[in-house]
Amino acid sequence: MSYKTEGSAAKKNHAAVGRSFKMTSTLKSFLNSAKQSLSGASTPAPGTPDGNTPCSHLFPKVDPAVDGEDCDHDCDSCIVSLPKGFKIDEDDKLYGYVKGWSTHVLVATGKTDWVRDVADEKGSVMEAIDKNADVKPSNGRLMLSASNIPTPSHTTSYSEPTTVLLLPAFIVIENVTPKNVNTLISEFVNKGPTNSTPLGPISIPASLPDPLPTADQLTSRPSPHRALILLCSQKTRDARCGQSAPLLRKELERHLRVCGLFRDLDDERPGGVGIYFISHVGGHKYSANVMVYRKADAFGLDNVERGKLDGEICPPPAQPSADEVQEGAAQCIWIARVRPEDCEGIVKFTVLQGKVVKPERQLRGGFDRQRGVFSW
């Protein structure tokens with residue numbers, strides 16, 4: 001009897017230890033998930049968020065029957081490769097954990113790297129928007145990025161007026177200074193379309209009404225590009241971003257040149273694709289992060305079935321038109337874990353046709369204003 005009693009007690013004690021271990025494991029899992037969410041919603045927890053547009057419904061995935069048998073193959077002619085020992089997280093599920101944003105401001109700085117938090121760049125427009133502006137965005141979360149877009153003065157000095165690219169409006173705003181960011185926000189950001197605004201004509205004034213133009217007057221014009229590729233290059237946040245961005249740019253440029261679509265930083269010929277380096281967007285452990293903003297059927301190829309055609313296809317040269325209706329970006333496709341061998345597929349299918357090649361491994365999120373869907 002005594003033996004049975006001791007055995008029963010041991011079993012109870014063992015069961016209690018097991019429950020304690022499970023509770024501890026569950027608590028650790030919960031804390032890790034919470035920590036991932038608090039880190040800017042850029043580091044996903046396991047599973048898929050409820051209520052999100054399913055990954056398979058956000059953007060079309062390439063289909064060998066439609067896009068050709070090699071549509072999901074890696075490029076075998078890459079001229080660059082990532083550094084030896086370049087390692088990233090391959091385990092986390094990426095899709096659906098990007099924090100939703102409404103508008104995106106890219107500030108021209110002429111730099112490719114910045115202090116850890118770009119809002120701490122002293123005297124910059126980024127600092128003014130984030131810390132000093134009396135007017136705040138009223139149409140949702142503003143994503144603020146420093147960029148390597150050249151400044152009008154071709155210097156990196158924050159004492160000179162600069163340029164801002166507003167997305168999804170695809171509007172370039174000029175003569176921006178820390179002193180006039182209130183006007184920038186109230187008259188352009190707050191009055192422009194958001195990522196969830198149905199696609200349609202937008203009207204942003206070319207200049208603000210002012211009987212006597214001053215040095216601080218803001219002017220705007222449509223961006224000449226049909227698509228933009230944004231690469232995180234901020235090595236002060238993670239060395240992998242600083243390493244991967246210039247390599248990917250070189251490979252993307254190579255494939256864009258085939259169709260005459262590459263545009264250098266100062267090249268504003270209409271109809272091309274701009275490639276810009278931007279500051280930290282979150283999720284650097286999934287480097288490289290790539291955001292593709294594109295206008296509706298940007299190159300007239302969205303419905304083309306490559307698999308039924310012989311050879312490669314390129315859009316016809318763009319003709320400038322003063323009558324073009326400005327609608328802004330129809331899509332933003334945000335992918336990660338991008339390597340040089342992915343660049344051919346990104347250009348052919350993502351940039352030119354609005355499709356994704358490896359959504360299960362690479363797609364983080366985005367939006368499609370034409371269809372009214374987004375990942376958050």
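Worth knowing before you read on, the calculation uses all heavy atoms, side chains too, and leaves out hydrogens, waters and symmetry mates. Model, not experiment: these values are computed from the prediction.
- Side-chain contact of S153 with T155: a donor-acceptor pair under 3.5 Å is present, judged by distance alone.
- Taking the charged nitrogens against the carboxylate oxygens, R254 and E251 do have a contact shorter than 4.0 Å, which makes a salt bridge.
- For the residue pair R364/N289, the side-chain donor-acceptor check at 3.5 Å is satisfied.
- Remark: the backbone N or O of K235 is not paired with any side-chain donor or acceptor of D238 at under 3.5 angstrom.
- The closest side-chain donor-acceptor pair between N148 and Y276, if any, does not fall under 3.5 angstrom.
- Annotation: side-chain contact (heavy atoms from CB on, under 4.5 Å) contacts of D117 (sequence neighbours excluded): A119, D120.
- With sequence neighbours left out, F374 forms a ring pair (Phe, Tyr, Trp, His ring centres under 6.0 Å) with W376.
- No salt bridge links E121 with R116; every basic N to acidic carboxylate O contact stays at or beyond 4.0 Å.
- R141 forms no cation-pi arrangement with W101, by the criterion of a distance under 6.0 Å to the ring centre and an angle within 45° of the ring axis.
- A salt bridge does not link D72 with K358: every distance from a Lys NZ or Arg NE/NH1/NH2 to an Asp or Glu carboxylate oxygen is 4.0 Å or more.
- Other residues sharing a hydrophobic cluster with I79 under the 4.5 Å side-chain heavy-atom criterion for ILVMFWY residues are V80, L82, F86, I88, L247.
- A donor-acceptor pair shorter than 3.5 Å can be found between the side chains of S244 and S287.
- For G354 against D302, the heavy-atom pair with the smallest separation is N-OD1, 4.4 Å.
- Between K61 and D67 there is no salt bridge, since no side-chain N of the basic residue sits under 4.0 Å from a carboxylate O of the acidic one.
- Classification of D368 and R371 as a salt-bridged pair holds, one side-chain N sitting under 4.0 Å from a carboxylate O.
- Cysteine sulfur proximity is satisfied for C259 and C314, their SG distance being under 2.5 angstrom.
- Using modelled atom types, one finds a donor on one side chain and an acceptor on the other under 3.5 Å when comparing Y293 with H104.
- The salt bridge (charged side-chain N to carboxylate O under 4.0 Å, His left out) test with D89 singles out one residue from K285, R361, R240, and that residue is K285.
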